[in-house]
S.K.: 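Got a structure for you, written out below as structure tokens; questions coming shortly.
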Amino acid sequence: MTDISTETRSVIIEREMPFPTDKIWRALTQPHLIEEWLMKSDFKPVVDHRFNFNADWGSVDCRVLEVEPNRTLAYSWGAYGLETVVTWTLTPTGAGTHLRMEQSGFGRDQRQAYGGARSGWPQFFEKLEEVLARTE
């Protein structure tokens, strides 16, 4: 028998992007670029670094969990009782980079947060692509 109270869900977004992995990595790890597509932060790509994303609605408490330059970035994402993990995976392709983002750990009772992430991340991806298209 499965205990539904311990099951979690994930939001996964995957896109093929016509940009090299190092360019996408910079947009994922440099605070001035992160601010352009996601939120203002004091991010540093250093394992165990604690940082915040800040928006007009509040802030997100985070801690860097994994850093493998140009390949993998993972950090905790905690706000308003939500404790999830965001993992970015970059895979070079012939035409650029396959970018995968997974936000995992949504409890079954966190429908509103899960729905917000499902609708929010595609918008963040669009902004990320705009930033990548206009930066060197």
S.K.: Side chains of residues 18-30: which donor-acceptor partners sit under 3.5 Å, not counting sequence neighbours?
M.R.:
from	atom 1	to	atom 2	distance (Å)
Lys23	NZ	Leu132	O	2.8
Lys23	NZ	Thr135	O	2.5
Thr29	OG1	Trp25	O	2.8

S.K.: Could you please spell out the steps behind the side-chain contact (heavy atoms from CB on, under 4.5 Å) verdict for Leu128 and Met17?
M.R.: CA-CA 10 Å; Leu128 173 60; Met17 296 191 168; 4.2 Å; yes
S.K.: Go through Val46 and Val67 one step at a time and tell me if the side-chain contact (heavy atoms from CB on, under 4.5 Å) criterion holds.
M.R.: CA-CA 7 Å; Val46 176; Val67 176; over 6 Å; no
S.K.: Quick check: does any side chain N or O of Asn52 sit under 3.5 Å from a backbone N or O of Asp42, one acting as donor and the other as acceptor?
M.R.: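 Here the side-chain-to-backbone pair does not exist.
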S.K.: How many angstroms lie between atom OH of Tyr114 and atom CZ of Arg9, to the nearest 0.5 angstrom?
M.R.: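 Spacing of OH (Tyr114) from CZ (Arg9) equals 5.0 Å.
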S.K.: Once you round to the nearest 0.5 Å, how far does CE of Met39 lie from CG of Asp56?
M.R.: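 Rounded to the nearest 0.5 Å, the CE-CG separation comes to 10.0 Å.
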S.K.: For the CD atom of Glu129 and the CG atom of Leu99, what is their distance to the nearest 0.5 Å?
M.R.: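 Taking CD in Glu129 and CG in Leu99, the distance rounds to 8.5 Å.
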S.K.: Measure the spacing between OG of Ser59 and CG of Asn54 and express it to the nearest 0.5 Å.
M.R.: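 Here the rounded value is 5.5 Å.
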S.K.: Main chain of Glu68, side chain of Thr72: is a donor-acceptor contact present, judged purely on distance under 3.5 Å?
M.R.: no
S.K.: With side-chain hydrogen bond (donor to acceptor under 3.5 Å, both in side chains) as the rule and sequence neighbours excluded, what pairs involving residues 85-105 come up?
M.R.: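 Listed once each, the pairs are Ser10-Glu102, Glu14-His98, Glu16-His98, Tyr75-Trp88, Thr84-Gln103, Arg100-Glu102, Gln103-Trp121.
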S.K.: Verify the cluster assignment for Val86 and Trp57: are they in a single hydrophobic cluster under the rule of side-chain heavy atoms below 4.5 Å apart?
M.R.: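 Same cluster.
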S.K.: Any carboxylate oxygen within less than 4.0 angstrom of a Lys/Arg side-chain nitrogen, looking at Glu7 and Arg108?
M.R.: yes
S.K.: According to the interplanar angle, ranging from 0 to 90°, do the rings of Phe43 and Phe51 count as parallel (below 30°), tilted (30 to 60°) or perpendicular (above 60°)?
M.R.: perpendicular
S.K.: Is it the case that one hydrophobic cluster holds both Phe106 and Leu65, taking links as side-chain heavy atoms less than 4.5 Å apart, direct or via other members?
M.R.: no
S.K.: Under a 4.5 Å side-chain heavy-atom rule over Ile, Leu, Val, Met, Phe, Trp and Tyr, are Leu82 and Ile12 clustered together?
M.R.: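 No, Leu82 does not connect to Ile12 through the hydrophobic network.
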S.K.: When rounded to the nearest 0.5 angstrom, what is the spacing between CD in Glu66 and CZ in Arg71?
M.R.: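 Rounded to the nearest 0.5 Å, the CD-CZ separation comes out at 11.5 Å.
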S.K.: Is Arg50 salt-bridged to Asp61, cutoff N-O under 4.0 Å?
M.R.: no
S.K.: I'd like to know whether Met101 forms a side-chain contact (heavy atoms from CB on, under 4.5 Å) with Phe125, so could you lay out the CA-CA distance, the side-chain angles of the two residues, the decisive distance to 0.1 Å, and finally the verdict.
M.R.: CA-CA 9 Å; Met101 185 285 312; Phe125 262 70; 3.7 Å; yes
S.K.: Check whether more than 12 heavy atoms from other residues, nucleotides or ligands sit under 6.0 Å from atom CZ of Arg15, and answer yes or no.
M.R.: yes
S.K.: Return the minimal non-hydrogen interatomic distance between Ser76 and Cys62, and the atom names on each side.
M.R.: O-CB, 3.1 Å
S.K.: Listed by chain and number, what are the side chain to side chain donor-acceptor pair (under 3.5 Å) partners of His49, not counting sequence neighbours?
M.R.: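 By the side chain to side chain donor-acceptor pair (under 3.5 Å) rule, His49 matches no residue at all.
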S.K.: Quick one: do Val85 and Leu90 end up in the same hydrophobic cluster if we chain Ile, Leu, Val, Met, Phe, Trp and Tyr together by side-chain heavy atoms under 4.5 Å apart?
M.R.: no
S.K.: Honestly curious: do Ile13 and Phe53 fall in one hydrophobic cluster under the side-chain, below-4.5 Å linking rule?
M.R.: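 Result: yes, single cluster for both.
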